[in-house]
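Written below as structure tokens is the structure these notes are about.
Keep in mind it's a predicted model, so treat the numbers as computed, not measured. Naming: A, B, ... by sequence-line order, numbering from 1 per chain.
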There are 2 protein chains.
Amino acid sequence: MNEHEAVGDARERLMDAAEALFAPKGIAAVTLRDIAAALGLTHASLYYHFPGGKEELFAAVTERSILRHGEGLRSSMESGGPSIRGKLRGAAAWLLSQPAMDLIRMAETDMPALPPETSRRLMGLVYRELILRLQRELDAAVRSGELGPGTDSGLVAGALVGLVESLHSTPPEALSPGRGRLEMARDLIDIVLKGLDFHEGGRE
Amino acid sequence: MNEHEAVGDARERLMDAAEALFAPKGIAAVTLRDIAAALGLTHASLYYHFPGGKEELFAAVTERSILRHGEGLRSSMESGGPSIRGKLRGAAAWLLSQPAMDLIRMAETDMPALPPETSRRLMGLVYRELILRLQRELDAAVRSGELGPGTDSGLVAGALVGLVESLHSTPPEALSPGRGRLEMARDLIDIVLKGLDFHEGGRE
DNA sequence: GTCTATATAAAGATAGAC
DNA sequence: GTCTATCTTTATATAGAC
């Protein structure tokens, strides 16, 4: 142990504070001064950790967030058990445990503010770490007979992410009494699965 | 006819240009100079039409957009025919014909930048003009027996809006060849309807 | 209705002390 | 690693001419 924290911890805490603001509000609505204030620092100090300024910080934080989502989805779907219903419930629980990820805003507002190459890399990561992971599980469920053969896995994977993420911004008043976002997500997953001819256990 | 345009037309064209930028990108990512440039004006000219500046312009444009969406949903669902499937298809066609409306971004970023009373009014309008209109049609379909009695109409209404809007940001590469966003929306609607025990014509 | 010019404030960024 | 001070750019906003 050092006097205060482990080496590199200041950088980690900076990224945490930055993500807490960037993730829900986007790059344009957050200033470096906002982030510094959340840490009790001045904005000039941030350039020590990210010489590239706001763009570099946002890109680093967003990349870390996407990768963490990918890993979180992987492990939460794995621990959801063998059935696609369990996996999707696990995925929803994970997504709702994290700050909202507004993919529409990312595509329309955040990405155009970054260098083209950075933008491409991040959007590619979103596709691989979020959409594709879900899509693969859906495909496996089709092969096992758990889901109907007509399932458009790419379409449904994208829709499920949008669906669950939209629950993040559901105001508390819109929640049925005593039922939280996770219960709502489960209901929606059940509706979609039924629409995809979900058949417990698949063909034997 | 006047020499050029009808009275008040400059204001309308300003709102059109502003909406084209504000709707996809949000209040924080668009400057008054961006909007003025799109019209070949200087930003100072905008204050003639909206003395309250950016906030007033954004609020006016957003309110008009929500009201137009409400009217568009009403008429498109009406012309979709008597079945809930036709109505939802009409609603999807309407939403996809309009600029993307990112409700997550509105709630998380745009609204906090406005005076509390303005924010409340706009969020109330979103609920009444978008969610509630869909919810009422879903409720009617439950009563007629077209949809199962367990349908949580509020949950499904919110989910459908999020679903269709998320298609706006689907990159062209992700579209199956020859199939556009409207076809994708129809597929998703069919999945959801099936999950809600859709029964053509309801009970007789 | 729109312009030029200007005022003011906010935000990104750099330099150098501690 | 963080600060103060400063610079530069960008953005909102106002005043007054045309």
Exercise. Please determine, for the side chain of B:Leu41, which listed nucleotide (C:dT2, D:dA13, C:dA13) has the closest atom?
Key: C:dT2
Quiz item: Once you round it to whole Å, what is the distance between P of C:dT2 and CD1 of B:Ile35?
Solution: 14 Å
Quiz item: A:Asp9 has an atom CG; how far is it from atom C1' of D:dT2, in whole Å?
Solution: 15 Å
Quiz prompt | Proximal nucleotide (of C:dT2, D:dT2, C:dA5) relative to the B:Ala44 side chain | solution = C:dA5
Self-check item: Backbone of B:Gly148 reached by a side-chain donor or acceptor of B:Thr151 within 3.5 Å
Solution: yes
Quiz prompt | Residue met sooner reading DNA chain D from 5', once A:His49 and B:Pro51 are mapped to nucleotides | solution = A:His49
Exercise. Kindly point out which of D:dA13, C:dG12, C:dT2 is positioned nearest to the side chain of A:Arg33?
Key: C:dG12
Quiz item: Between atom CG in A:Leu46 and atom C1' in C:dA11, what is the gap in whole Å?
Solution: 12 Å
Quiz prompt | Sugar-phosphate, base or nothing in reach of B:Thr42, heavy atoms under 4.0 Å | solution = base
Quiz item: Expressed in angstrom and rounded to an integer, what is the separation of A:Tyr47 atom OH from C:dA15 atom P?
Solution: 12 Å
Self-check item: Distance test, side-chain N/O of A:Ser45 to OP1/OP2 of D:dC3, below 4.0 Å
Solution: yes
Quiz item: Over how many whole Å does the gap from A:Glu55 atom CD to C:dA13 atom C1' extend?
Solution: 12 Å
Exercise. Taking the side chain as every heavy atom from C-beta outward, state whether B:Glu63 and B:Leu125 have any atom pair closer than 4.5 Å.
Key: yes
Quiz item: Once you round to the nearest 0.5 Å, how far does CG of A:Leu134 lie from CG of A:Leu88?
Solution: 6.5 Å
Quiz item: Base, sugar-phosphate, or nothing for A:His43, non-hydrogen atoms under 4.0 angstrom?
Solution: base
Self-check item: Euclidean distance, atom CG of residue B:Leu57 to atom P of D:dA11 [Å, nearest integer]
Solution: 16 Å
Self-check item: Check: B:Arg133 side chain, B:Arg74 main-chain N or O, donor-acceptor pair, under 3.5 Å
Solution: no
Quiz item: So, is A:Tyr48 close to the D:dT2 phosphate, meaning a side-chain N or O under 4.0 Å from OP1 or OP2?
Solution: no
Quiz prompt | Minimum side-chain heavy-atom gap A:Pro112-B:Lys25 below 4.5 Å | solution = yes
Exercise. Report the distance from atom CG of A:Leu32 to atom P of D:dT9, rounded to the nearest whole Å.
Key: 18 Å
Self-check item: d(CD1, B:Ile27; C1', C:dA10) in whole Å
Solution: 15 Å
